[in-house]
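Below is a structure I'd like to ask you about.
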Amino acid sequence: MSIGLHNSTFKNPVIRWVDSRLPIFSMMQNEYGTFPTPKNFNYFWNFGALAMINLLIMIATGIFLAMHYTPHVSMAFDSVERIMRDVNYGWLFRYVHANGASMFFIVVYVHIWRGMWYGSYKAPRELLWIIGVVIFLLMMATAFMGYVLPWGQMSFWGATVITNLFSAFPVVGDHIVTLLWGGFSVDNPTLNRFFSLHFLLPFVIFGVVFLHVAALHITGSNNPLGIDVKSPADTLPFHPYYTAKDSVGMVVYFIVFASLVFFAPNYLGHADNYIPANPMVTPAHIVPEWYFLPYYAILRAVPDKLGGVLLMFGSILVWFILPWLDTSPVRSMRFRPIAKWFLLLWGIAFGVLMYCGGKPPEGIYVVLSRVATLYYFAWFLVILPLLGRLERPLPLPESIAKPVLRGGGPLPAGAAAKPMEKA
Amino acid sequence: MADHLAPAGAPHAAGEHAADGTTKRDFLILAAGGFAAVGAGAMAWPFISSMNPARDVLALSTTEAEIGAIPVGGAVTLMWRGKPVFVRHRSPDEVQAAATVDMGELRDPQADSARVKAGKAEWLVVIGVCTHLGCVPLGQKPTDPKGEFGGWFCPCHGSHYDTSGRIRKGPAPANLPVPTYAFTTDTQIKIG
Ligand code: HEM
Ligand code: FES
């Protein structure tokens with residue numbers, strides 16, 4: 001071993017030659033091969049890997065769509081129709097890309113929910129969580145701008161309503177909107193820059209995902225018990241145990257994905273987006289894509305323009321400070337007998353908002369949106385900070401290995417009064 | 001503050017340390033940092049500025065139209081800067097209704113006379129973009145709903161505008177704006 005070379009353990013001479021100079025094989029081996037991973041993961045832990053695959057699918061289909069797409073107001077709609085009718089397999093790429101966006105949000109919502117339920121945002125994983133929220137915001141921007149590209153009625157009016165959100169801010173608002181548009185309304189300059197940014201942002205997301213994973217590999221994964229890894233008996237090497245478990249999830253994921261693409265490719269879309277954009281006529285009922293509905297409902301729940309916009313942005317920004325709002329030292333909801341019901345209710349409030357966001361803003365839907373919005377924020381800002389002090393958590397198991405290997409010997413006195421559930 | 005990077009035991013030039021312990025190096029760091037910040041700002045400016053409306057976009061910003069053929073009570077929609085402009089030929093009743101509203105009732109108080117040209121009160125010209133989030137309100141066609149105040153109704157989130165295009169009910173904060181325009185003849189207008 002000469003000086004200045006990495007001490008590689010690989011036997012294959014070619015791999016060894018590269019690895020000694022640039023230890024990417026060692027790195028892959030350490031981070032994805034032997035990486036010690038808690039042995040009690042459930043299927044909720046599949047969703048990070050699924051999100052990664054989904055990102056790669058979006059980039060692959062997106063690049064090929066971009067080869068045929070024309071970002072000009074007079075040609076965009078027709079170029080997408082040409083992709084659908086004339087380009088070989090164009091229909092496949094477009095349906096995979098459009099439904100892939102929906103799959104991406106399904107996967108990421110479950111991934112976020114997992115983090116909330118098992119307290120993955122708590123120390124020492126606060127920064128990991130914050131990077132995750134950044135990824136989510138970038139995804140929202142990317143999906144929003146992508147939806148504008150086919151230049152249908154929903155593309156145009158969605159872009160108009162969303163960019164106009166910024167006009168709510170005093171003084172600078174209108175200048176920001178003009179800057180976003182590059183004109184006096186959503187028009188060709190807007191479409192051009194949205195295409196440019198829609199192409200760029202997924203690669204930015206890729207970079208931020210790298211940071212997300214790097215941070216994860218410093219702290220290690222959380223697990224369904226929410227307790228720290230104490231010894232090698234608590235872990236398994238990532239490969240083959242979790243490569244195998246992730247593959248099972250992947251099969252299910254692809255079944256759902258393929259069912260959407262091949263049997264209901266337009267189920268999650270809106271029919272009005274097959275009408276070319278018309279700046280003179282607003283569709284009677286404009287709604288965003290399903291994954292934005294909860295925030296749209298919050299926007300409309302507030303009878304004041306600026307107030308609605310602030311609450312809408314606030315509904316996601318509040319996630320950033322979640323690690324400090326939750327004052328309980330116990331991570332997993334399994335051991336939080338009161339908090340878990342309030343969190344479930346929060347999940348329901350999120351669902352109610354999603355439902356109301358797709359309905360016209362009148363009557364019962366406004367009332368429901370208001371109640372759900374109130375609870376959405378109350379959970380973060382009132383209930384969670386208080387519960388950490390008021391709630392008495394259940395006794396925590398001594399280690400991950402103990403409840404897994406049954407009859408693992410008596411618990412030390414005082415550590416737990418109750419027999420543990422099976423993990 | 002000590003000068004950490006100076007070799008240990010190096011003799012300090014006389015007068016290098018000010019009385020409060022700051023060094024020349026602190027000044028250099030501050031000056032260089034300040035300069036770099038200004039430079040970064042100067043480089044960012046062309047990028048940001050390029051996103052604002054280009055000159056050809058600005059150049060296309062006037063529209064002319066002949067409006068003499070619009071019957072009383074009728075309306076047309078023109079296109080100006082990519083946006084709809086509503087021109088309505090108001091009936092005497094509508095003018096009357098717009099002119100006699102109590103200012104205290106208005107969210108964005110503005111007299112009707114300030115929104116039309118003197119002696120041309122029958123013509124109302126407003127930008128047809130809801131001041132809430134930018135939808136095009138209904139009310140131009142005879143069959144459209146005109147809202148509770150006889151002007152326009154925005155279906156997106158339910159804003160009602162009166163016969164002067166002023167916001168009366170719903171989430172929109174401001175009146176439909178009146179664009180810069182002039183009558184070039186008795187029946188012809190130039191917007192922009
Ligand atoms: C984070 C990853 C991405 C998301 C969430 C996303 C989302 C979307 C969405 C929702 C649409 C509208 C689909 C429709 O209704 O037709 C779209 C269209 C489009 N996207 Fe993406 N996209 C992503 C990555 C990319 C990448 C990396 C590229 C190019 C390199 C790309 C290129 C395009 C093109 C050309 C269209 C217009 C064609 C069409 O409408 O199908 N996308 N995207
Ligand atoms: S855009 Fe008109 S009411 Fe919201």
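Chain naming here is simple, since letters A, B, ... match the order of the sequence lines and numbering starts at 1 in each. Since the model is a prediction, treat every value here as computed from it, not as a measurement.
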Reported NE2-to-CD distance for the pair B:His157 and A:Glu362, which is rounded to 0.5 angstrom: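 CD of A:Glu362 is found 12.0 Å from NE2 of B:His157.
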
For the residue pair A:Phe184 and B:Leu58, establish whether any side-chain heavy-atom pair is separated by less than 4.5 Å.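 Yes - at least one pair of side-chain heavy atoms lies under 4.5 Å apart.
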
Choice from B:Ser49, B:Gly82, B:Pro155, B:Ser50 maximising heavy atom contacts with chain A below 4.5 Å: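 Among B:Ser49, B:Gly82, B:Pro155, B:Ser50, the one with the most close pairs to chain A is B:Gly82.
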
Test your reading of the model: is there a side-chain donor-acceptor pair from A:Lys305 to the backbone of B:Pro173, 3.5 Å cut-off?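 No, A:Lys305 side chain to B:Pro173 backbone: no donor-acceptor pair under 3.5 Å.
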
Are the side chains of B:Pro171 and A:Asp304 in touch, meaning some heavy atoms are under 4.5 Å apart?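 Side chain of B:Pro171 against side chain of A:Asp304, heavy atoms only: no contact under 4.5 Å found.
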
For the backbone of B:Gly134 and the side chain of A:Thr160, can you confirm whether one donor and one acceptor N or O come within less than 3.5 Å of each other?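 No; judged by distance alone, with no hydrogens or angles, the pair does not exist.
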
Please check this pair: side chain of A:Arg193 against backbone of B:Met51, looking for a donor-acceptor N/O pair closer than 3.5 Å.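 Present.
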
Let me know if B:Ile48 has heavy atoms under 4.5 Å from chain A in its side chain, its backbone, both or neither.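 Both backbone and side chain.
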
By a 4.5 Å heavy-atom criterion (distance strictly below it), what part of A:Leu165 contacts chain B: side chain, backbone, both, or neither?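 Both backbone and side chain.
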
Applying a criterion of heavy atom separation less than 4.5 Å, what residues of residues 166-180 of chain A form contacts with chain B?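 Counting heavy atoms that sit under 4.5 Å from chain B, the residues of residues 166-180 of chain A involved are A:Ser167, A:Thr178, A:Leu179.
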
Which of the residues B:Asn52, B:Val57, B:Thr77 is involved in the greatest number of heavy-atom pairs with chain A at under 4.5 angstrom?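 Of B:Asn52, B:Val57, B:Thr77, B:Asn52 has the most heavy-atom pairs under 4.5 Å with chain A.
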
A:Thr282 side chain reached by B:Leu138 side chain, heavy atoms, under 4.5 Å: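 Counting from C-beta outward, B:Leu138 and A:Thr282 never come under 4.5 Å.
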
Tell me, yes or no, whether the heavy-atom count around A:Met67 atom CE, taken from other residues, nucleotides or ligands under 6.0 Å, exceeds 12.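 Yes, because the 6.0 Å sphere around CE of A:Met67 holds more than 12 heavy atoms from other groups.
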
For residues A:Pro279 and B:Val136, report the shortest heavy-atom separation together with the two atoms involved.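 Of all heavy-atom pairs spanning A:Pro279 and B:Val136, the closest is O-CG2, 3.8 Å.
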
Under 6.0 Å from the NZ atom of B:Lys120, do we count more than 12 heavy atoms belonging to anything else shown?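 Result for NZ/B:Lys120: enclosed.
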
Under 4.5 Å heavy-atom distance to chain B, tell me which part of A:Ile162 shows up: side chain, backbone, both or neither.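 Neither; nothing under 4.5 Å.
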
